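The figures here come from the full heavy-atom set of this structure, side chains too, leaving out hydrogens, waters and symmetry mates. What you see is a predicted model; the values in this text were computed from it and never measured. So that the names make sense, note that chain A is the first sequence line, chain B the second, and so on, each numbered from 1.
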Protein chains: 2
Amino acid sequence: MTINAQLLEKYKMHQPTIIDIARQLGLSKSTVSRALTAHPNVNEKTRQRVLELADKLDYQRNQLAISLLTNQTRTVGIMVPEFISFFFPKVIIGAQEELAKAGYNVVICHSNESYATEVTSAKSLFASRVDGLIVSHTKETRNFDHFRTFTRKGIPVVFFNRVWENEEVSKVVVDDYTGAYQAVEHLIQTGRRRIAHLSGPDTLPNSRSRLNGYLDALKHYDVPVDPSLVISYDLTLEKANIYVNHLLNLPEPPDALFAINDPTAIEALKVVKSRGLRVPDDLAIVGFSDDPISALIEPGLTSVAQPVSEIGQEAARLLLAHLTASADQPAAPTTVTLPTRLVVRGSTGS
Amino acid sequence: MTINAQLLEKYKMHQPTIIDIARQLGLSKSTVSRALTAHPNVNEKTRQRVLELADKLDYQRNQLAISLLTNQTRTVGIMVPEFISFFFPKVIIGAQEELAKAGYNVVICHSNESYATEVTSAKSLFASRVDGLIVSHTKETRNFDHFRTFTRKGIPVVFFNRVWENEEVSKVVVDDYTGAYQAVEHLIQTGRRRIAHLSGPDTLPNSRSRLNGYLDALKHYDVPVDPSLVISYDLTLEKANIYVNHLLNLPEPPDALFAINDPTAIEALKVVKSRGLRVPDDLAIVGFSDDPISALIEPGLTSVAQPVSEIGQEAARLLLAHLTASADQPAAPTTVTLPTRLVVRGSTGS
DNA sequence: ATCGTTTTTGGGAATGTTCCCAAAAAAATA
DNA sequence: TATTTTTTTGGGAACATTCCCAAAAACGAT
């Protein structure tokens with residue numbers, strides 16, 4: 001906690017400041033500041049002298065001091081539960097490009113699906129005074145107080161993919177319901193009747209929407225719903241493996257599987273193969289997200305594609321709308337829903 | 001540039017400070033500060049009063065002010081050229097876990113393989129006064145002045161994967177040479193003689209090391225080197241596709257391919273299949289990195305595995321060593337070399 | 001030369017926090 | 001009770017910057 005050692009250190013490794021420049025040129029810090037910030041009220045000759053010395057001293061402005069004074073960091077935090085699969089990285093890139101155009105920097109936090117980490121990261125981002133937040137929360141998150149800390153202080157928060165419901169925040173989602181509906185419809189139309197669904201935790205809105213799409217498609221085509229074919233699980237591959245095996249061990253096993261996401265679908269594919277069964281003959285499989293890997297495996301995985309980069313771009317745009325809104329004309333909370341698209345490959349028929 | 005509007009805004013959305021707390025309790029900011037930082041010299045009863053009010057006002061400390069004063073942000077920047085493939089995300093997670101243990105936050109920047117973006121990000125990270133940097137640079141980077149800005153001011157920089165050579169910085173690399181050697185050795189031992197190599201830009205040290213491993217393995221087993229089989233390219237999939245086709249169109253096409261990385265190898269596999277040829281019968285293929293996808297495709301891709309998380313952990317440890325080193329006992333620049341391991345799958349034989 | 005205008009510069013406050021040193025209050029001792 | 005010791009508190013400086021306002025300098029016109 002004590003900073004004596006650092007103070008000493010600091011003295012040794014002193015970074016040049018505008019005061020150093022001012023002193024060396026016999027100017028005031030105000031003038032140097034003006035010269036460095038392209039302010040009009042400064043003599044051109046003076047500016048050149050300042051710029052020259054700044055360059056010579058390798059002066060680098062201290063953003064901390066500026067942020068403290070102006071109360072804005074021009075930094076946006078992006079929080080995601082993981083970034084091993086292609087989805088979150090691609091969303092982040094989409095958002096970052098949009099934010100960079102507007103002159104914002106991005107700090108990325110990954111909670112690793114841990115609620116505790118998410119809370120810690122949120123507190124840390126708040127302490128360093130990010131101007132806004134883009135979030136997809138963990139599957140454990142039920143309490144959203146750590147995000148309320150932001151909204152209460154007027155710091156905009158935009159959710160995507162996994163969104164905070166019933167609240168005055170903007171969101172970007174995809175049409176999970178229709179995506180799921182079309183996936184199941186496709187399975188029915190290719191002759192499947194016993195369609196299993198590996199669903200996610202029902203705390204996740206998108207998981208519930210996909211489940212509803214699944215149920216409504218069955219209902220619409222008069223396919224009876226067998227509760228033993230609907231399994232809600234924690235999205236880990238270990239559990240996916242166990243439940244797929246469980247389904248195949250049923251006295252009347254399913255002839256098709258609609259998985260909540262592609263990793264789950266791919267795990268299912270591996271299980272089916274390892275049991276000497278064939279895809280799609282013995283089990284047709286559909287995933288969700290259209291991970292690039294889905295096109296590479298054999299057979300190709302039928303999957304519900306979502307416009308990944310656009311999700312990030314939209315989230316960034318919504319955030320920027322809030323960021324540039326003024327107190328007298330605030331931006332209203334908006335929900336953007338992007339379309340999904342079924343991509344048919346070998347896993348549901350030749 | 002003008003902040004009038006923001007100043008007004010700020011007044012409206014005033015965040016509670018220790019001065020607010022002090023005023024309301026009739027204390028000085030010093031005492032409140034002590035209460036909040038668990039300083040011993042404060043009356044227990046006073047501390048409770050402060051903590052209570054801080055909680056009630058939803059006080060959140062302003063890290064900017066603290067960082068400005070202490071001249072340390074407890075934040076580390078990590079710069080990577082991309083994070084769509086699994087490699088960089090996994091390195092980042094490894095590093096982040098290690099840094100979090102030591103109480104450091106992480107800011108992630110991805111340069112998108114653009115030198116200009118890398119320079120901008122580096123400047124921005126410097127301006128916000130990160131305490132250290134972990135970097136894998138872009139394939140375009142030849143000028144390292146933007147990193148010298150850090151080292152010159154005594155801010156530690158650790159490179160990994162793509163490293164800055166001949167400089168006084170710490171590095172984490174894998175044994176690319178041996179990895180490549182063993183890959184090619186394996187191809188020779190499984191009966192291949194015309195082994196092509198898709199290499200990366202020779203500005204990248206790891207690319208050169210892999211090329212040397214390839215050449216030495218051929219030399220050791222008296223396999224003649226055919227320069228027309230060695231192609232250095234820019235690591236884009238488009239070019240990979242073109243060059244693989246080019247190789248297969250040769251009058252004497254290769255019977256094996258050692259690719260600089262897994263995405264290249266997978267692209268090659270697609271090309272071979274699309275031409276109605278078979279892997280490994282017509283062309284054996286080896287990749288580098290052991291991307292998880294390599295185990296999922298058909299046939300499985302033989303690849304040189306590297307300890308990905310460990311790379312991140314080691315980089316973090318090296319950085320922490322520099323960070324905790326004092327002026328009187330500085331940490332010496334160190335290069336850590338981690339082992340590689342050949343993982344044999346179907347793409348080089350049954 | 002004098003006055004009015006414009007351009008350029010300097011001084012000081014403000015941002016939120018921690019640390020040092022001194023002062024005040026409380027507790028312990030004589 | 002008076003004195004010493006310990007605990008607790010307050011005041012001010014420092015961090016690097018920008019902005020506002022006033023002062024100074026330069027310029028132009030009479």
Side-chain angles (χ1 to χ4, degrees), chain A residues 1-11 13-23 25-50 54 57 59-74 126-129, chain B residues 1-11 13-23 25-50 54 57 59-74 126-129:
Chain A
M1 237 350 124
T2 181
I3 63 166
N4 293 25
Q6 278 79 17
L7 279 173
L8 195 75
E9 204 75 11
K10 191 196 306 194
Y11 182 68
M13 274 295 182
H14 181 71
Q15 313 247 36
T17 69
I18 53 168
I19 295 180
D20 295 314
I21 296 176
R23 218 172 351 226
L25 294 177
L27 291 168
S28 73
K29 56 181 165 24
S30 313
T31 305
V32 175
S33 172
R34 275 186 291 259
L36 254 23
T37 53
H39 196 278
N41 288 1
V42 63
N43 187 287
E44 192 50 41
K45 233 170 156 178
T46 313
R47 163 170 294 134
Q48 286 311 324
R49 287 206 300 151
V50 170
L57 295 180
Y59 166 81
Q60 303 284 340
R61 58 171 18 186
N62 189 329
Q63 187 59 43
L64 294 172
I66 300 171
S67 295
L68 180 61
L69 184 67
T70 61
N71 204 28
Q72 62 163 332
T73 52
R74 292 201 84 76
F126 190 95
S128 53
R129 295 293 190 271
Chain B
M1 242 343 131
T2 178
I3 62 164
N4 294 23
Q6 278 79 19
L7 278 174
L8 197 73
E9 204 75 10
K10 192 196 304 196
Y11 181 69
M13 274 294 181
H14 181 71
Q15 313 246 35
T17 70
I18 53 169
I19 296 180
D20 295 314
I21 296 176
R23 222 176 343 230
L25 294 176
L27 292 168
S28 73
K29 55 181 166 24
S30 313
T31 305
V32 174
S33 171
R34 276 187 290 257
L36 255 22
T37 53
H39 197 278
N41 288 0
V42 62
N43 186 286
E44 191 50 41
K45 233 170 158 178
T46 313
R47 163 171 293 134
Q48 285 312 322
R49 287 205 301 151
V50 170
L57 295 180
Y59 166 80
Q60 303 283 340
R61 55 165 30 181
N62 189 328
Q63 187 58 45
L64 294 171
I66 300 171
S67 295
L68 179 61
L69 183 69
T70 61
N71 203 27
Q72 61 163 331
T73 53
R74 291 201 84 75
F126 190 95
S128 53
R129 296 293 191 270

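As judged by a 4.0 angstrom heavy-atom cut-off over every strand, A/Ile18 is placed among the base-contacting residues. Using a 4.0 Å heavy-atom criterion, one finds that A/Asn41 contacts the bases of the nucleic acid, with or without backbone contacts as well. A/Thr17 comes within 4.0 angstrom of the backbone, heavy atoms only, and of no base.
Smallest separation of non-hydrogen atoms from A/Arg129 and A/Thr73: O-OG1, 2.8 Å.
Atom OG1 of B/Thr31 and atom CG of B/Leu25 lie 10.5 Å apart (nearest 0.5 Å). Taken from CG in B/Asn43 to CD in B/Gln48, the straight-line distance is 10.0 Å, to the nearest 0.5 Å. The CG atom of A/Leu68 lies 10.0 Å from the CG atom of A/Asn62; values are rounded to the nearest 0.5 Å. To the nearest 0.5 Å, the span separating OG1 on B/Thr70 from CD on B/Gln72 amounts to 5.0 Å.
Taking a pair as Watson-Crick or G-U with both hydrogen-bonding distances under 3.5 Å, the stems of three or more pairs touching DNA chain D are C:1-30 with D:1-30.
Taking side-chain N and O atoms only, A/Arg129 has no distance below 4.0 Å to OP1 or OP2 of C/dG16. OP1 or OP2 of D/dG10 has at least one side-chain nitrogen or oxygen of B/Ser28 nearer than 4.0 Å. The side chain of B/Thr70 places no N or O atom within less than 4.0 Å of a non-bridging phosphate oxygen (OP1 or OP2) of C/dT18. Taking side-chain N and O atoms only, B/Thr46 has a distance below 4.0 Å to OP1 or OP2 of D/dT9. The shortest distance between the side-chain N/O atoms of A/Asn43 and the OP1/OP2 oxygens of C/dT8 is below 4.0 Å. Considering only side-chain N and O atoms, A/Ser33 lies nowhere under 4.0 angstrom from the phosphate OP1 or OP2 of D/dT17. Checking the phosphate oxygens (OP1, OP2) of D/dG10, a side-chain nitrogen or oxygen of B/Thr31 falls inside 4.0 Å.
Using a 4.5 Å cut-off on side-chain heavy atoms (C-beta onward), A/Arg49 and A/Leu27 make contact.
Rounded to an integer number of Å, the gap from CG of A/Leu68 to P of D/dA14 is 17 Å. Spacing between atom CG of B/Leu36 and atom P of C/dG16 amounts to 15 Å, rounded to whole angstrom units. For A/Leu69 and D/dC20, the CG to P distance is 10 Å, given to the nearest whole Å. To the nearest angstrom, P of C/dG10 lies 5 Å from CG of A/Leu27. As rounded to whole Å, 8 Å separates atom P of D/dC15 from atom CD1 of A/Ile19. At whole-Å resolution of the value, CG in B/Leu64 and P in D/dT18 are 15 Å apart. Atom-to-atom, CG of B/Asp20 to P of C/dT17 comes out at 9 Å; the value is rounded to the nearest Å. Rounded to whole angstrom, the span from the CZ atom of A/Arg34 across to the P atom of C/dT9 amounts to 8 Å.
Of the possible polar contacts, none joining the B/Ser33 side chain to the B/Lys29 backbone as a donor-acceptor pair under 3.5 Å is found.
Considering only side-chain atoms of B/Thr37, the nucleotide from C/dT9, C/dT17, C/dT18 that sits closest is C/dT18. Listed candidates were C/dC19, C/dT17, D/dT17. Nearest to the side chain of A/Asn62 is D/dT17.
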Should B/Arg61 and B/Ile66 be marked as a side-chain contact (heavy atoms from CB on, under 4.5 Å) after you check the CA-CA gap, both sets of side-chain angles, and the distance that decides it? CA-CA 9 Å; B/Arg61 55 165 30 181; B/Ile66 300 171; 3.9 Å; yes

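Between B/Lys29 and B/Glu44, the one whose closest nucleotide on DNA chain D sits nearer the 5' end is B/Glu44.
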